[in-house]
Amino acid sequence: NAGVTQTPKFRVLKTGQSMTLLCAQDMNHEYMYWYRQDPGMGLRLIHYSVGEGTTAKGEVPDGYNVSRLKKQNFLLGLESAAPSQTSVYFCATSYGRGQVKNIQYFGAGTRLSVL
Amino acid sequence: AQSVTQLDSHVSVSEGTPVLLRCNYSSSYSPSLFWYVQHPNKGLQLLLKYTSAATLVKGINGFEAEFKKSETSFHLTKPSAHMSDAAEYFCVVSGFGTSYGKLTFGQGTILTVHP
């Protein structure tokens with residue numbers, strides 16, 4: 001039981017390049033989330049999904065796109081990377097919302113540097 | 001609206017002494033509150049959660065937190081620090097006024113444990 005798996009773990013991009021981060025979960029959770037973590041700012045929500053085929057914007061969605069074609073996978077795309085997108089990206093999952101269902105489980109993170 | 005303030009960005013203790021990490025929150029709804037821990041280069045792990053049951057919540061690794069509504073606080077404590085407790089800790093509030101379980105993260109407190 002792997003839980004929440006993020007691929008890749010590290011990546012270096014040049015400005016303007018594109019890439020996709022993959023989040024895969026085997027917990028059968030409905031909700032999935034993408035966060036970015038920057039020093040002194042905690043985690044900020046980029047996009048989220050409340051089920052297969054649905055996505056929505058979080059707090060900092062600009063410059064990112066997402067897709068949830070399968071329940072177990074949530075993809076985060078950067079179409080034209082910028083240095084401001086240098087960050088650590090975390091995927092999380094939860095059963096749903098509500099006081100118990102909203103406990104979120106996190107992947108190990110992807111460290112992205114944009115030069 | 002909801003917010004979280006972690007009152008200390010860094011806390012330093014000696015091994016075997018008590019740990020206190022302070023967190024104040026605000027929420028328009030009866031909140032759920034969490035503490036997560038992040039060890040270096042790792043993902044976030046849930047330490048404990050408050051979901052309107054008992055106000056004193058016990059978590060993993062000897063940590064506990066007390067929900068005080070009158071003080072809007074949810075401080076994390078441990079009677080005796082261990083070297084393995086050195087990590088960054090996040091206080092998190094979850095509200096239910098949106099279509100998903102929005103989590104708002106504090107800025108984090110780095111705990112250093114000296115031998």
Side-chain angles (χ1 to χ4, degrees), chain A residues 2-7 9-10 21 23 25 27 29-51 54-61 66 68 74 88-111, chain B residues 1-10 21 23-25 27 29-55 57 59-60 67 87-110:
Chain A
V4 182
T5 303
Q6 292 184 232
T7 309
K9 290 184 169 51
F10 304 95
L21 283 66
C23 177
Q25 55 112 348
M27 305 173 79
H29 284 175
E30 288 294 332
Y31 285 36
M32 298 186 75
Y33 312 81
W34 275 108
Y35 294 90
R36 61 176 289 172
Q37 183 182 30
D38 301 293
M41 301 185 73
L43 274 71
R44 293 179 292 168
L45 184 66
I46 304 171
H47 286 280
Y48 65 97
S49 169
V50 301
T54 71
T55 63
K57 295 180 179 180
E59 302 170 66
V60 289
V66 288
R68 182 100 181 266
F74 194 30
V88 182
Y89 292 85
F90 287 99
C91 176
T93 72
S94 67
Y95 282 109
R97 65 187 185 109
Q99 291 187 333
V100 175
K101 292 182 177 181
N102 189 38
I103 296 171
Q104 294 188 18
Y105 298 86
F106 287 80
T110 295
R111 293 185 176 276
Chain B
Q2 57 194 37
S3 66
V4 175
T5 301
Q6 292 183 241
L7 299 172
D8 306 290
S9 58
H10 290 83
L21 305 183
C23 172
N24 287 348
Y25 71 92
S27 175
Y29 301 87
S30 181
S32 287
L33 293 157
F34 308 86
W35 277 97
Y36 280 87
V37 60
Q38 183 180 28
H39 288 91
N41 300 314
K42 300 289 187 183
L44 280 78
Q45 180 184 17
L46 181 67
L47 266 183
L48 50 80
K49 62 184 185 293
Y50 166 77
T51 55
S52 76
T55 57
V57 181
I60 61 172
F67 174 72
E88 187 164 16
Y89 292 79
F90 293 95
C91 182
V92 182
V93 63
S94 176
F96 306 101
T98 58
S99 61
Y100 65 101
K102 176 181 170 64
L103 295 189
T104 300
F105 285 78
Q107 299 90 332
T109 299
I110 296 172

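Just so we're on the same page: letters track the sequence lines, and every chain starts at 1.
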Which heavy atom of Q38(B) sits nearest a heavy atom of F90(A), and at what distance?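 Answer, listing the atom of Q38(B) first, then F90(A): NE2-CZ, 3.1 Å.
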Against chain B, label R111(A) side chain, backbone, both or neither, depending on which of its atoms sit under 4.5 Å from a heavy atom there.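 Side chain only.
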Chain B contact via Q37(A) - side chain, backbone, both or neither, heavy atoms under 4.5 Å: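 Contact with chain B is through the side chain of Q37(A) alone.
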Could you give the distance from [atom1] ([X]) to [atom2] ([Y]), rounded to the nearest 0.5 Å?
X: Y36(B); Y: I103(A); atom1: OH; atom2: CD1; answer: 7.0 Å
X: N41(B); Y: K9(A); atom1: CG; atom2: NZ; answer: 12.0 Å
X: Y35(A); Y: L103(B); atom1: OH; atom2: CG; answer: 4.0 Å

Side chain, backbone, both or neither: which part of L44(B) has a heavy atom under 4.5 Å from chain A?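 Both parts, backbone and side chain.
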